[in-house]
Amino acid sequence: NAGVTQTPKFRVLKTGQSMTLLCAQDMNHEYMYWYRQDPGMGLRLIHYSVGEGTTAKGEVPDGYNVSRLKKQNFLLGLESAAPSQTSVYFCASEGDRPYGYTFGSGTRLTVV
Amino acid sequence: GENVEQHPSTLSVQEGDSAVIKCTYSDSASNYFPWYKQELGKGPQLIIDIRSNVGEKKDQRIAVTLNKTAKHFSLHITETQPEDSAVYFCAALRYYQLIWGAGTKLIIKP
């Protein structure tokens, strides 16, 4: 089925460890987004991409890096995880604008 | 910049009754307003949207109204059912980025 796939679904990291979250979409969408969702705070944009090879900062980019080497993939990296990065991370893609976002099912990350 | 406020944060209604969630936005240049539903353990899913040149849009039991003058838009769910229980998010499009409300947890009481 067409959609947005996020891996992994769950992860526990120790403070200072690094990891990469993968987002893959098969809808040929140009725009892709990484959000974090924390209780009572809704969705906050971390980074986004308007096309292959391009990335830009969102509302809360500190501590994260991203890459969009292929159109279908958008990677979110944490170089040195901190407990404040404990959250649920969602990836979304968007087709023709303005258009609805298609979200992945999320990655629940806990940093201890 | 744009700010989207969403109320209430929690809404509990009797099954079969109607539910209304309201959002206000600050930037008059915003021209697209989607609503998303997020079920437990899943990502948000678009349920209805409205563009600034339209005052109301309906899709079966769901409707969205937009008042551009007052800068607010609302989600209306009629004849609520247990499967309507979820968190609902509104958003406003500003400069090609969605600005999100904080969400409303809708509880349907049997």
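Keep in mind that what you see is a predicted model, and the values were worked out from it rather than measured. In the text below, chain A, chain B and the rest are named by the order of the sequence lines, each starting its count at 1.
- With a 4.5 Å cut-off on non-hydrogen atoms, B:P44 touches chain A through its backbone and its side chain both.
- Proximity of a side-chain donor or acceptor of B:T10 to a complementary backbone N or O of B:L106 within less than 3.5 Å is not detected.
- Between B:D27 and B:K71, no side-chain nitrogen of the basic residue sits less than 4.0 Å from a carboxylate oxygen of the acidic one, so the salt-bridge criterion is not met.
- A salt bridge is defined here as a Lys NZ or Arg NE, NH1 or NH2 lying under 4.0 Å from an Asp or Glu carboxylate O, and A:K71 with A:E30 meets this definition.
- With a 4.5 Å cut-off on non-hydrogen atoms, A:Q37 touches chain B through its side chain but not through its backbone.
- Contact annotation for B:Q6: neither backbone nor side-chain heavy atoms come within less than 4.5 Å of a heavy atom of chain A.
- Here the two rings, on A:Y48 and A:F74, have centers that are 6.0 Å apart or farther.
- In this structure, the portions of B:L98 lying under 4.5 Å from any heavy atom of chain A include both its backbone and its side chain.
- Ranked by non-hydrogen atom pairs under 4.5 Å with chain B, the options A:C91, A:G104, A:S105, A:G58 are led by A:S105.
- Aromatic ring orientation, A:Y101 versus A:Y35: tilted (interplanar angle from 30° to 60°).
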